Number of protein chains: 2
Amino acid sequence: MLTEKQEAILDFVRAIQAERGIPPSTRDIQRQFGYASQNAAMNHLRALAKKGVIEQIDGRTWGLKARLVQAHLFTVPVYGSIPAGRPTAEEQSAEETLQLDPSLFGLPARAANRLWALRVRGDSMTGAHILDGDLALLERREPRAGDIIAALVNGTETTLKRLLYRGRAAILHAENPRYADIVPESGLECQGVLVGLIRRTT
Amino acid sequence: MLTEKQEAILDFVRAIQAERGIPPSTRDIQRQFGYASQNAAMNHLRALAKKGVIEQIDGRTWGLKARLVQAHLFTVPVYGSIPAGRPTAEEQSAEETLQLDPSLFGLPARAANRLWALRVRGDSMTGAHILDGDLALLERREPRAGDIIAALVNGTETTLKRLLYRGRAAILHAENPRYADIVPESGLECQGVLVGLIRRTT
DNA sequence: TGCGGACGTGTTCAGCCGAACACATCGTAG
DNA sequence: CTACGATGTGTTCGGCTGAACACGTCCGCA
């Protein structure tokens, strides 16, 4: 979605805006990244705006929408079940959105735009103490063996499974003996790695 | 403290800043109040700054210092283990504090000062899918049968147990067969009822 | 081989911004 | 009566800002 540079710029804008309320000017960005020209920053801001993550607040100043800045909160989209395709930052398809303090899960600020949440359905992960109705917090990143990941199976729906390797073959293991392991035929599509869990018990 | 005009200006600044994140310029204020001179606004801003309700955010822009806009977040104290006595609102003894959105757990605003959190130790509640290291969110209120509660046993430490009744006698049931039920001798001291759970998996 | 996108330099320009200075009015406290 | 603070007007200035234009590099893709 975002290039590496664009993400760096976005992080900087977010940091400044969270700290002092006002986003950095193009020349602030220029200085921060050592650009010789103000236009380098301008180009990135325009690119970020085209991708919808920032906007021009008062017709001049480039910054994040006010709601996304509040204190040091992340705004995380919550999905019920994910239709085919990767969950992107398009929040249109998100059921709702939720605000949480990243320090709760020990997440660095730059994880902000890689986070999303999934409302867990079914009992396939009860062995890992993840229940129906729980809210799984996921980060879009490369999974490691043993991670619990949200994976796209059958190209239709996203499910939570533990990623294991049998030799070189990846298998998706349900933490419930009533469910069989899934062996992805073609490439494995990982949409996120579990980093946190939120449960409502009332 | 503030004059009538100053209060009007302050309200306007607050409104604009809440809406778009960036406070109005002196000329915005001038237009809003129909001043013929920008200096009228400047004078008021300087007066407000002298009284401490406003400051210069980035060396130029005048705006509110406090983030009075901050969503509807609860500040919840987090305890490791609770020493004897009831966990009160004194946050001095809290290990840390945590900010969360009450809507995450479907809690009404008036629950704010009844909430606290406990860092779970031990495996006595794994049957209820509550693990060592989890953060249990609790509300101080009268428990009902079947609730998972934080109870003070032996007058020394707080543990999480399920509250059951055998006839009229209350028993504290660990959701783990390796732990025996506890039958409180004297009155049962309930410090909170489990309303939510937060787990960090990384 | 050519095209376009990401990325970056160098420069100029019009507009907005805070700041300052000079000055006026009014009511109130000493 | 005087001094002062609150409230304004009118004007000017230097600095910062976003925007635009021209130009250049690198890399992947058709």
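Note that this is a predicted model, so its numbers are computed, not measured. Order of the sequence lines sets the chain letters (A, B, ...), proteins ahead of strands, with each chain counted from 1.
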- Rounded off to whole Å, could you give me the CE-to-P distance for the Met42(A) and dA20(D) pair? 7 Å

- Under a 4.0 Å heavy-atom criterion, DNA chain C is touched by chain B from dC17(C) to dA22(C)

- Query: Ala36(A) near the nucleic acid: base, sugar-phosphate alone, or nothing, with a heavy-atom cut-off under 4.0 Å?
  - Reply: sugar-phosphate

- Message: Please report the distance, rounded to the nearest Å, between CG in Asn39(B) and P in dG5(D).
- Response: 17 Å

Scan nucleotides 15-17 of chain D against the protein and return all N/O pairs shorter than 3.5 Å with their distances rounded to 0.1 Å.
| unit_1 | atom_1 | unit_2 | atom_2 | d |
| --- | --- | --- | --- | --- |
| dT17(D) | OP1 | Ser25(A) | OG | 3.0 |

- Spacing between Glu7(B) atom CD and dA6(D) atom P, to the nearest angstrom: 15 Å

- Message: Under the rule for side-chain contact (heavy atoms from CB on, under 4.5 Å), what residues qualify as partners of Asp123(B), not counting sequence neighbours?
- Response: Thr126(B), Asn176(B), Arg178(B), Tyr179(B)

- Item | Under the side chain to side chain donor-acceptor pair (under 3.5 Å) test, residues paired with Arg27(B) that sit two or more places apart | none

- Note on the structure: Between CG of Asn43(B) and P of dG10(D) the distance, given in whole Å, is 15 Å

- Task: State, with a plain yes or no, whether a side-chain heavy atom of Ile57(A) is found less than 4.5 Å away from one of Pro23(A).
- Result: yes

- Task: Sequence neighbours left out, what passes salt bridge (Lys or Arg N to Asp or Glu O under 4.0 Å) with Arg166(B)? Give chain and number order.
- Result: Asp181(B)

Distances under 3.5 Å between protein N/O atoms and the N/O atoms of nucleotides 26-30 of chain D, please, pair by pair.
none

- Taking only the side-chain nitrogens and oxygens of His44(B), find out if one of them lies under 4.0 Å from OP1 or OP2 of dT7(D). yes

- Of all residues at least two apart in sequence or in a different chain, which pass the side chain to side chain donor-acceptor pair (under 3.5 Å) check with Arg60(A)? none

- Message: So, does Lys5(B) get its side chain near the phosphate of dG8(D), meaning an N or O under 4.0 Å from OP1 or OP2?
- Response: yes

- Message: Can you work out whether Pro24(B) or Gly34(A) has the more 5'-proximal nearest nucleotide on DNA chain C?
- Response: Gly34(A)

- Item | Among dT9(D), dA19(D), dA6(D), the one nearest Thr3(B) by side-chain distance | dA6(D)

- What residues, two or more places apart in sequence or in another chain, satisfy side-chain contact (heavy atoms from CB on, under 4.5 Å) together with Phe33(B)? Ala8(B), Ile9(B), Phe12(B), Ile29(B), Tyr35(B)

- Identify, with sequence neighbours excluded, every residue that meets salt bridge (Lys or Arg N to Asp or Glu O under 4.0 Å) alongside Glu139(B). Arg114(B), Arg141(B)

- Among all residues two or more places apart in sequence or in another chain, which pass the side chain to side chain donor-acceptor pair (under 3.5 Å) test with Thr201(B)? none

- Task: Name all residues meeting the side chain to side chain donor-acceptor pair (under 3.5 Å) criterion together with Gln30(A); count only those two or more places apart in sequence or in a different chain, and write none if there are none.
- Result: none

Donor-acceptor list for residues 127-137 of chain A side chains, cut-off 3.5 Å, not counting sequence neighbours:
| unit_1 | atom_1 | unit_2 | atom_2 | d |
| --- | --- | --- | --- | --- |
| His129(A) | ND1 | His129(B) | ND1 | 3.0 |
| Asp132(A) | OD1 | Gly122(A) | N | 2.7 |
| Asp134(A) | OD1 | Arg199(A) | NE | 3.0 |
| Asp134(A) | OD2 | Leu131(A) | N | 2.8 |
| Asp134(A) | OD2 | Arg199(A) | NE | 3.2 |
| Asp134(A) | OD2 | Arg199(A) | NH2 | 3.2 |

